[in-house]
Q: 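Pasting in a structure now, in structure tokens, and then I'll have a few things to ask.
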2 protein chains.
Amino acid sequence: MLAVMARAATTSDVFNAIAEPQRREILVLLRAGERPVTEVARELGLPQPGASKHLRVLREVGLVRDRRAGRQRLYGLDARGLRPVHEWTGGFEQFWNESFDRLDAYVQELEQSRQEEQR
Amino acid sequence: MLAVMARAATTSDVFNAIAEPQRREILVLLRAGERPVTEVARELGLPQPGASKHLRVLREVGLVRDRRAGRQRLYGLDARGLRPVHEWTGGFEQFWNESFDRLDAYVQELEQSRQEEQR
DNA sequence: CTAACATATACCCATATCGGCATGCGTCAA
DNA sequence: TTGACGCATGCCGATATGGGTATATGTTAG
């Protein structure tokens, strides 16, 4: 396979998995507890196949776990995979405070150069 | 425009912007300070147009800021946009601890049902 | 055994996305 | 003013993606 990968597979990366708004909604929903696909679909106003597909992606990256219960399949949260994301973003914490200052300075620079232009 | 949006535009969402590994690398790199495009490209082993494109996406979601300096264009980090991501994932913090327990229980369940099958 | 139910898949479409290459454009130096 | 430099864009190709609809698969109830 000399496949020229056009982009990273969504299915192999948590960052990609949570890039989808509906998948994030699903994760939030599942914080309240396990749910069968139909419930997820109903509560989020999704068509059932859509819900299944998103759940599959989430399952493949390990953010969700499924358990058979009769003829239902209960999906439950496994949030451990979110930890790396939290930590990665956390690595910028000192910067988003600092950024305010820098931005202020930046805005002032702009302001200043704008005034200079007007002279 | 009856455009049937196939997926959320990468350019309008921080979650999507950081879904790209190389863009994450760029952000990390920029923690060390402002850099011109060429530098970013060189340090990450990217072709210049590629670097420019990624930087553009990052700029459009506000994670990066650019400043002209002579014939160079310096890109600098503006990490504030990462805060929501950090907070969103933080909303699962209690779960990724709890998850260990649940997973243990789950694994045991599996173990048990497997044994029952073998009888 | 069979019908009803719960889910997952297979397809198809439209579009988004990334990478590579060539080229346009603005800025500075000589 | 002109050439070199730094960067952005345009275009193309291959592929991934999300949504919709129909259908296959598996499970339980009767």
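Chain naming here is simple, since letters A, B, ... match the order of the sequence lines and numbering starts at 1 in each.
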Q: Could you check how far CG of Leu44(A) sits from P of dG18(D), rounded to whole Å?
A: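 Rounded to the whole Å, the gap is 15 Å.
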Q: Rounded to whole Å, how long is the line connecting atom CD1 of Ile18(A) with atom P of dG18(D)?
A: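 These atoms are roughly 13 Å apart.
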Q: Can you identify which nucleotide, out of dA8(D), dT7(C), dG18(D), has its nearest atom closest to the Pro36(A) side chain?
A: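 Among dA8(D), dT7(C), dG18(D), the one nearest the side chain of Pro36(A) is dT7(C).
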Q: Please give, in whole Å, the distance from dG19(D) P to Glu25(A) CD?
A: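 Those two atoms, CD and P, are 11 Å apart.
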Q: Does Tyr75(B) have a side-chain nitrogen or oxygen under 4.0 Å from the phosphate oxygens OP1 or OP2 of dA8(D)?
A: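 Checking Tyr75(B) against dA8(D): at least one side-chain N or O falls below 4.0 Å of OP1 or OP2.
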Q: Between C1' on dG19(D) and CZ on Arg23(A), what's the gap in Å once rounded to a whole number?
A: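 Value for this atom pair: 13 Å.
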Q: Using nucleotides 11-13 of chain C, report all nitrogen or oxygen pairs with the protein that are shorter than 3.5 Å.
A:
none

Q: Quick one: salt bridge (charged side-chain N to carboxylate O under 4.0 Å, His left out) partners of Glu93(B), sequence neighbours excluded?
A: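 In terms of salt bridge (charged side-chain N to carboxylate O under 4.0 Å, His left out), with neighbours along the sequence ignored, Glu93(B) is linked to no residue.
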Q: If a protein heavy atom is under 4.0 Å from the base, mark B; if only from the sugar-phosphate, S; if neither, -; do that for nucleotides 23-30 of chain D going 5' to 3'.
A: ----BB--
Q: If you look only at pairs with a residue in residues 58-85 of chain A, which of them pass as a ring-ring contact (aromatic ring centres under 6.0 Å, His included), with sequence neighbours excluded?
A: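 Those involving residues 58-85 of chain A do not exist here.
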Q: On DNA chain D, nearest-nucleotide positions of Pro47(A) versus Ala51(B): which is more 5'?
A: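 Between the two, 5'-proximity favours Ala51(B).
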Q: Look at the side-chain N and O atoms of Arg56(A) and state whether any lies under 4.0 Å from the OP1 or OP2 oxygen of dA8(C).
A: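 Result: no.
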Q: Only pairs at least two apart or in different chains count here, so list each salt bridge (charged side-chain N to carboxylate O under 4.0 Å, His left out) that has a residue in residues 41-51 of chain B.
A: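 The answer is Arg35(B)-Glu43(B), Glu39(B)-Arg42(B).
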Q: Between atom CD in Glu60(B) and atom P in dT17(C), what is the gap in whole Å?
A: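 Glu60(B) atom CD is separated from dT17(C) atom P by 11 Å.
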Q: Which residues pass the side-chain contact (heavy atoms from CB on, under 4.5 Å) test with Gln48(A), not counting sequence neighbours?
A: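 Counting only residues at least two positions away or on another chain, Gln48(A) forms a side-chain contact (heavy atoms from CB on, under 4.5 Å) with Val37(A), Ser52(A).
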Q: Take the protein atom CD of Gln22(B) and the nucleotide atom P of dG20(C), then report the distance between them rounded to whole Å.
A: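 Checked: the CD to P distance equals 8 Å.
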Q: State which residues pass side chain to side chain donor-acceptor pair (under 3.5 Å) with Glu25(B); sequence neighbours excluded, sorted by chain then number.
A: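 Here no residue qualifies.
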Q: Under 4.5 Å between any side-chain heavy atoms of Leu46(B) and Val40(B), yes or no?
A: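 Counting from C-beta outward, Leu46(B) and Val40(B) never come under 4.5 Å.
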Q: Holding to salt bridge (charged side-chain N to carboxylate O under 4.0 Å, His left out), I want the full list of residues that pass it with Arg71(A), two or more places apart in sequence or in another chain.
A: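 So Arg71(A) forms no salt bridge (charged side-chain N to carboxylate O under 4.0 Å, His left out) with any residue.
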Q: Any ring-ring contact (aromatic ring centres under 6.0 Å, His included) pairs touching residues 12-31 of chain A, not counting sequence neighbours?
A: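 ring-ring contact (aromatic ring centres under 6.0 Å, His included) check on residues 12-31 of chain A returns Phe15(A)-Trp88(A).
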Q: Heavy-atom distance under 4.5 Å between the side chains of Glu20(A) and Val57(A), does that happen here?
A: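 Not in contact.
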Q: Within this structure, what is the CG-to-P distance between Asp66(B) and dG6(D), rounded to whole angstrom?
A: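 Value for this atom pair: 17 Å.
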Q: Check the distance between dG6(D)'s P and Arg42(B)'s CZ and give it to me in whole angstrom.
A: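 It works out to 12 Å between those atoms.
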Q: Check this one for me: any side-chain N or O of His54(B) less than 4.0 Å away from OP1 or OP2 of dT17(C)?
A: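 No, no such contact exists.
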